[in-house]
Structure formats: structure tokens, C-alpha cells
Amino acid sequence: MNIMAIKNNLSGGLATLSLLVGLNAYSANAVAVELLNSSYDIGRELFSNLNPEFEKQWNAQHPQNILTIKQSHGGSSKQALSILQGLRADIVTYNQVSDVQILHDRGNLIPANWQQRLPNNSSPYYSTMAFLVRKNNPKHIHNWDDLSRHDVKLVFPNPKTSGNGRYTYLAAWGAFEQQYPQVPEKVRQQMQRLLQNVVVFDTGGRGATTSFIERGLGDVLISFESEVNNIRKQYGEDDYQAIVPPVNILAEFPVTWVDKNIQKNDTESVAKAYLDYLYSPAAQQMIASFNYRVFDKNVMESQQSRFPATRLFRLEEQFGNWSQVMKTHFNTGGIFDQILAEGRK
């Protein structure tokens with residue numbers, strides 16, 4: 001081999017070695033990032049689709065900080081309690097404001113003004129309540145009044161443990177108040193009949209779905225409109241029918257980063273970027289495809305056929321704030337407990 005060939009081989013070998021050293025140094029500097037999202041029971045499928053898209057976007061922009069998103073699901077109140085007990089979730093995506101607020105009130109993990117940090121009261125999307133009935137709607141269910149009939153059996157989550165269940169209870173109460181204004185005893189009577197018709201109070205929305213679909217309990221499953229339509233898609237659109245009553249409640253789905261945890265976990269930038277992503281047109285389009293209502297007007301226009309018209313009232317308009325609602329209706333000895341006890345007499 002001549003001198004020139006030896007030099008070329010040596011040069012090529014040094015270049016390869018230099019490249020390998022550079023790659024090893026790059027790999028050594030790369031840091032894996034993990035984000036934990038604590039979420040409500042029936043949000044699994046939505047976030048299992050949202051997460052890979054954000055991971056792909058983040059990893060392309062931050063190749064030295066490869067991201068993996070993990071999920072923790074359950075009844076939103078139980079999830080919030082887990083964080084208070086030490087679960088180091090970076091972000092929460094719940095289905096009720098009070099389950100986020102408790103992170104401030106009892107844990108001082110987030111500031112009092114957390115709802116002002118992101119648009120729409122820190123709610124990227126919203127829903128309302130719907131009834132899932134069996135094929136051809138054999139009990140002819142159309143509105144909240146129908147759920148108080150003696151021949152109708154209901155399934156929905158326990159309002160003590162589930163935001164889903166609380167919204168169901170409050171949607172019915174608010175609809176009865178609008179139907180029977182100035183007659184509070186009639187409202188209470190209708191609520192007592194409705195609650196007496198519940199055959200099982202599961203702890204979360206997914207458990208209620210199992211009771212209705214797999215165990216065959218009840219005539220009506222009450223859940224978020226999004227969940228009801230996703231159930232139909234999964235178990236057979238011809239076998240079930242979704243009913244959205246004409247008067248209903250606006251159910252916010254609040255989100256926030258958990259300040260104390262993202263400081264400990266060093267995940268502030270990715271946690272905030274993830275929640276910002278939920279407001280992006282691409283994420284809003286995907287969220288709407290899972291039958292949640294979104295604030296992006298263009299997306300809602302394109303998905304209009306998914307969402308029947310209904311007159312939505314805000315919780316604050318009818319009941320005051322969540323703190324008042326929890327104290328009056330859902331704390332031990334509150335109206336919910338009273339009505340259940342009256343129904344057993």
C-alpha cells in the first residue's frame with residue numbers, strides 16, 4: 001500500500017472515530033424527561049391519542065430531552081387525593097374545578113389564581129351530560145323527568161367520588177329547578193325519585209360503563225356526552241342510542257400544572273408546553289373527534305353534526321361556586337346524603 005493510501009485510510013478512520021466520539025458525547029448529554037398526567041377515569045382513550053402527538057412534537061424540537069408521558073387515571077376526586085398524599089403528578093387534567101381547587105386549599109400545591117393562567121378558566125374543552133339507552137330506546141327516555149319514573153333504572157358514578165357523578169346530579173337538579181321554578185319541594189321530590197332509581201353507584205365513570213354494558217344493569221347510563229358516544233362507537237352504534245336532554249349543564253374540564261411538583265421534578269417547561277398544546281388547532285380537532293366540545297369555533301363548525309343542540313347553564317348561574325356546592329350538597333350530611341336517607345325510609 002502506498003503512502004497516500006495509508007494517509008487516506010488513517011484520515012477516514014480518524015473521521016469515523018471523531019463521529020463516534022461526538023455521538024457518544026451527544027448521547028451522554030441527552031436527558032430523558034418523564035411527565036405524569038393525573039386524569040379522570042374515562043379520559044384514557046383521549047390522552048392515549050394526544051400524548052404520542054405531543055411527544056413527537058416535543059422530541060423533534062428538543063432532541064436532547066426525549067419525553068415520555070405517563071398517565072394516572074381514576075375518579076377525579078380520588079386522583080386529587082392521591083396527589084395530596086404524595087403522588088408527584090406534574091399536571092392534572094380533571095373533569096371538575098373543585099378537584100383542582102383542593103390542590104390549593106388543602107395542599108398549597110398550586111396558587112389561588114390557577115384558573116387565570118390559561119384560557120377559558122383553564123379549561124381547553126368542555127362537555128355536558130347525556131343518556132345512553134339500549135337499542136330503540138325501549139323506555140322512551142328523552143329528558144330528566146323521564147329518569148324519575150318508577151319503571152326506569154339508572155347507572156351513574158357516585159357523586160361523592162366522581163366529578164362525572166356530581167355533574168349528573170347537578171344537571172338534573174338544575175333542570176328540575178328550571179322546570180319547577182319557585183317550587184323547591186317539587187325539585188327535591190324529583191331528585192329523590194331519580195336517586196332511588198339508581199341501581200349502582202360506582203366510584204368512577206369507567207366502572208359505571210362496565211356495570212351498564214358488561215353487567216347489563218339499568219335502563220340508562222348517565223355520563224358525559226363524550227363518553228356516551230365513545231361507548232357507542234366501541235360497543236356498537238346500532239345497539240345503543242345517545243340522548244342529550246334539552247336542558248343541561250356545562251361541564252368544564254380544568255387543567256393545570258402542579259407548581260410544587262414541577263419544581264421538584266424539573267419539568268416546568270414541558271408541563272406548560274403540554275397544556276398549551278391542548279389549545280392548539282390540531283389538539284382541538286382530535287379532542288372534538290372524541291366527542292368533547294371545544295372552544296375553537298372552526299373546529300366546532302367542522303364537527304357540528306356530533307353535537308346536538310341543548311340549552312346549557314353554568315354551575316355558577318344556578319348554584320353559586322363549587323365551594324358552596326360541595327358544602328351544601330356533597331359534604332357528609334349534605335343534601336345528597338339527606339335525600340338518599342329519605343329515600344330509604
Side-chain angles (χ1 to χ4, degrees), residues 30-74 76 78-80 82-84 86-97 99-104 107 109-111 113-127 163 224 226 230 251-296 299:
V31 178
V33 180
E34 187 173 289
L35 194 71
L36 177 59
N37 177 15
S38 171
S39 195
Y40 53 97
D41 195 29
I42 57 179
R44 288 176 175 84
E45 289 75 18
L46 172 64
F47 288 103
S48 68
N49 281 266
L50 284 168
N51 291 348
E53 294 303 314
F54 180 75
E55 288 172 344
K56 190 187 307 179
Q57 175 182 304
W58 174 269
N59 292 340
Q61 297 171 356
H62 305 84
Q64 287 186 280
N65 297 106
I66 301 303
L67 172 66
T68 301
I69 302 172
K70 294 191 174 182
Q71 292 290 136
S72 177
H73 289 283
S76 59
K78 294 183 72 174
Q79 286 289 292
S82 294
I83 294 177
L84 292 173
L87 179 69
R88 280 174 53 169
D90 304 280
I91 57 176
V92 298
T93 55
Y94 288 161
N95 56 20
Q96 190 184 301
V97 170
D99 290 329
V100 183
Q101 184 64 33
I102 198 174
L103 300 180
H104 166 73
L109 298 173
I110 59 175
N113 70 337
W114 65 269
Q115 279 188 284
Q116 280 70 62
R117 302 193 296 190
L118 290 168
N120 308 315
N121 290 326
S122 206
S123 177
Y125 53 97
Y126 63 101
S127 191
F224 291 118
S226 50
N230 292 335
E252 294 180 305
F253 283 68
V255 304
T256 192
W257 56 86
V258 184
D259 297 69
K260 291 290 180 67
N261 287 352
I262 63 174
Q263 291 167 14
K264 293 177 184 176
N265 300 339
D266 194 23
T267 52
E268 181 174 356
S269 59
V270 66
K272 292 179 178 180
Y274 181 81
L275 295 184
D276 284 338
Y277 162 73
L278 298 181
Y279 290 87
S280 70
Q284 293 272 290
Q285 188 73 43
M286 183 178 292
I287 291 167
S289 74
F290 278 81
N291 301 297
Y292 293 94
R293 301 181 183 225
V294 297
F295 293 97
D296 188 307
V299 172

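Bear in mind that the values here come from a model prediction, so they are computed numbers and not experimental data.
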Asker: Work out which heavy atom in Asn65 is nearest to a heavy atom in Trp58; give both atom names and the distance.
Answerer: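 Reported closest heavy-atom pair: O-NE1, 2.9 Å.
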Asker: Taking NZ in Lys78 as the centre, count heavy atoms belonging to other residues, nucleotides or ligands within less than 6.0 Å. Is the count above 12?
Answerer: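 Atom NZ in Lys78 is not crowded, with 12 or fewer foreign heavy atoms closer than 6.0 Å.
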Asker: Roughly how far apart are Gln61 CD and Asn59 CG, rounded to 0.5 Å?
Answerer: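 Result: 9.5 Å between the selected atoms.
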Asker: Provide the closest heavy-atom pair for Val33 versus Val270 in the form atom of the first, atom of the second, distance.
Answerer: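 Looking at all heavy atoms of both residues, the closest pair is CG1-CG1, 4.0 Å.
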Asker: Could you state the interatomic distance from OG (Ser127) to CD (Glu252), rounded to the nearest 0.5 Å?
Answerer: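 Between Ser127 OG and Glu252 CD, I get 12.0 Å after rounding to 0.5 Å.
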Asker: Spell out, as yes or no, whether a donor-acceptor pair under 3.5 Å connects the side chain of Ser123 to the backbone of Phe253.
Answerer: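 Yes.
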Asker: I want to check something: taking the side chain as every heavy atom from C-beta on, are Gln79 and Asp99 in contact at a cut-off of under 4.5 Å?
Answerer: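 Result no, sub-4.5 Å side-chain heavy-atom pair not found.
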Asker: Judged by atom type as modelled, is there a donor-acceptor pair below 3.5 Å linking the side chain of Arg117 to the main-chain atoms of Trp257?
Answerer: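 Yes, because the side chain of Arg117 sits within donor-acceptor range (under 3.5 Å) of the backbone of Trp257.
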Asker: Determine the interplanar angle of the Phe295 and Tyr126 rings, folded into 0 to 90°, and report it as parallel if under 30°, tilted if 30 to 60°, perpendicular if over 60°.
Answerer: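 Plane angle between 30° and 60°, so tilted.
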Asker: To check you understand the geometry: which heavy-atom pair defines the closest contact between Asn95 and Gly163, and what is its length?
Answerer: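 Heavy-atom minimum between the residues: OD1-CA, 3.5 Å.
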Asker: Kindly compute the distance separating CG (Leu87) from CG (Leu36), expressed to the nearest 0.5 Å.
Answerer: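 Those atoms lie 5.5 Å apart.
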Asker: Could I get the full list of salt bridge (charged side-chain N to carboxylate O under 4.0 Å, His left out) partners for Asp41, not counting sequence neighbours?
Answerer: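 So Asp41 forms a salt bridge (charged side-chain N to carboxylate O under 4.0 Å, His left out) with Arg44.
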Asker: Within the 4.5 Å heavy-atom criterion, are Pro111 and Asp259 side-chain neighbours or not?
Answerer: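 In contact.
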Asker: For the CG atom of Leu103 and the CD1 atom of Ile110, what is their distance to the nearest 0.5 Å?
Answerer: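 These two atoms lie 5.0 Å from each other.
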Asker: Please indicate whether Glu268 has more than 12 foreign heavy atoms, meaning atoms of other residues, nucleotides or ligands, lying under 6.0 Å from its CD.
Answerer: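 Check fails, neighbour count at 12 or below.
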Asker: Using modelled atom types only, decide if a donor and an acceptor are shared between the side chain of Asn121 and the backbone of Pro254 within a distance under 3.5 Å.
Answerer: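 Flag not set: sc Asn121 to bb Pro254 has no pair under 3.5 Å.
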Asker: Can you check whether Leu278 reaches Leu50 side chain to side chain, under 4.5 Å on heavy atoms?
Answerer: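 A side-chain contact under 4.5 Å exists here.
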Asker: With sequence neighbours excluded, tell me which residues meet side chain to side chain donor-acceptor pair (under 3.5 Å) with Lys264.
Answerer: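 Once residues adjacent in sequence are excluded, Lys264 has no partner under the side chain to side chain donor-acceptor pair (under 3.5 Å) criterion.
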Asker: Taking the side chain as C-beta and beyond, is there a heavy-atom pair between Asn230 and Phe290 under 4.5 Å?
Answerer: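 Contact flag for Asn230/Phe290 side chains = yes.
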Asker: Under a 3.5 Å threshold, yes or no: a donor from one side chain and an acceptor from the other, between Ser39 and Gln71?
Answerer: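 Checked: Ser39/Gln71 side chains show no N/O donor-acceptor pair below 3.5 Å.
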Asker: Who are the side chain to side chain donor-acceptor pair (under 3.5 Å) partners of Glu55, not counting sequence neighbours?
Answerer: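 With neighbours one apart ignored, the set is empty.
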Asker: Any side-chain hydrogen bond (donor to acceptor under 3.5 Å, both in side chains) involving residues 276-289? Give me the pairs, sequence neighbours left out, ordered by first then second residue.
Answerer: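 Listed by first then second residue: nothing to list.
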Asker: Is the closest side-chain heavy-atom distance between Leu46 and Ile287 below 4.5 Å?
Answerer: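 When only atoms from C-beta onward are counted, Ile287 and Leu46 do touch, with a gap below 4.5 Å.
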Asker: Would you indicate whether the side-chain heavy atoms of Asn261 and Ile83 approach each other to under 4.5 Å?
Answerer: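 Heavy-atom side-chain distance check passes, below 4.5 Å.
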Asker: If we only count heavy atoms from C-beta on, is the Trp114 to Val97 side-chain gap below 4.5 Å?
Answerer: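 Heavy-atom side-chain distance check passes, below 4.5 Å.
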Asker: Between Asn113 (side chain) and Gln116 (backbone), is there a donor-acceptor pair under 3.5 Å?
Answerer: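 Answer holds: no.
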Asker: So, for Ile91 and Ala271, which heavy atoms are closest and what is the spacing to 0.1 Å?
Answerer: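 Heavy-atom minimum between the residues: CG2-CB, 3.7 Å.
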Asker: List for me each residue that meets salt bridge (charged side-chain N to carboxylate O under 4.0 Å, His left out) alongside Lys70, sequence neighbours excluded, and say none if there are none.
Answerer: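 Only Glu34 meet the salt bridge (charged side-chain N to carboxylate O under 4.0 Å, His left out) criterion with Lys70.
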Asker: With sequence neighbours left out, write down each residue that passes ring pair (Phe, Tyr, Trp, His ring centres under 6.0 Å) with Tyr94, or none if nothing qualifies.
Answerer: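 So Tyr94 forms no ring pair (Phe, Tyr, Trp, His ring centres under 6.0 Å) with any residue.
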Asker: Please state whether the rings of Phe54 and Tyr274 are parallel, tilted or perpendicular, taking 30° and 60° as the class boundaries.
Answerer: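 If you compare the ring of Phe54 with that of Tyr274, the planes turn out perpendicular.
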Asker: Counting only N and O atoms by type, is there a donor-acceptor contact under 3.5 Å from the side chain of Asp90 to the main-chain atoms of Asn265?
Answerer: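 Not a single qualifying donor-acceptor pair exists.
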Asker: Please report the closest heavy-atom contact between Thr256 and Leu275, naming both atoms and the distance.
Answerer: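 The answer is C-CD1, 3.4 Å.
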Asker: Can you measure from OH (Tyr125) to CZ (Arg293) and round to the nearest 0.5 angstrom?
Answerer: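 CZ of Arg293 is found 15.0 Å from OH of Tyr125.
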Asker: Could you tell me if the ring centre of Tyr292 sits under 6.0 Å from that of Phe224?
Answerer: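 Judged by ring-centre distance (under 6.0 Å), Tyr292 and Phe224 do not meet the cut-off.
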Asker: Closest approach of Pro52 and Ser48, non-hydrogen atoms and distance?
Answerer: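 Minimum heavy-atom separation between Pro52 and Ser48: CD-O, 3.1 Å.
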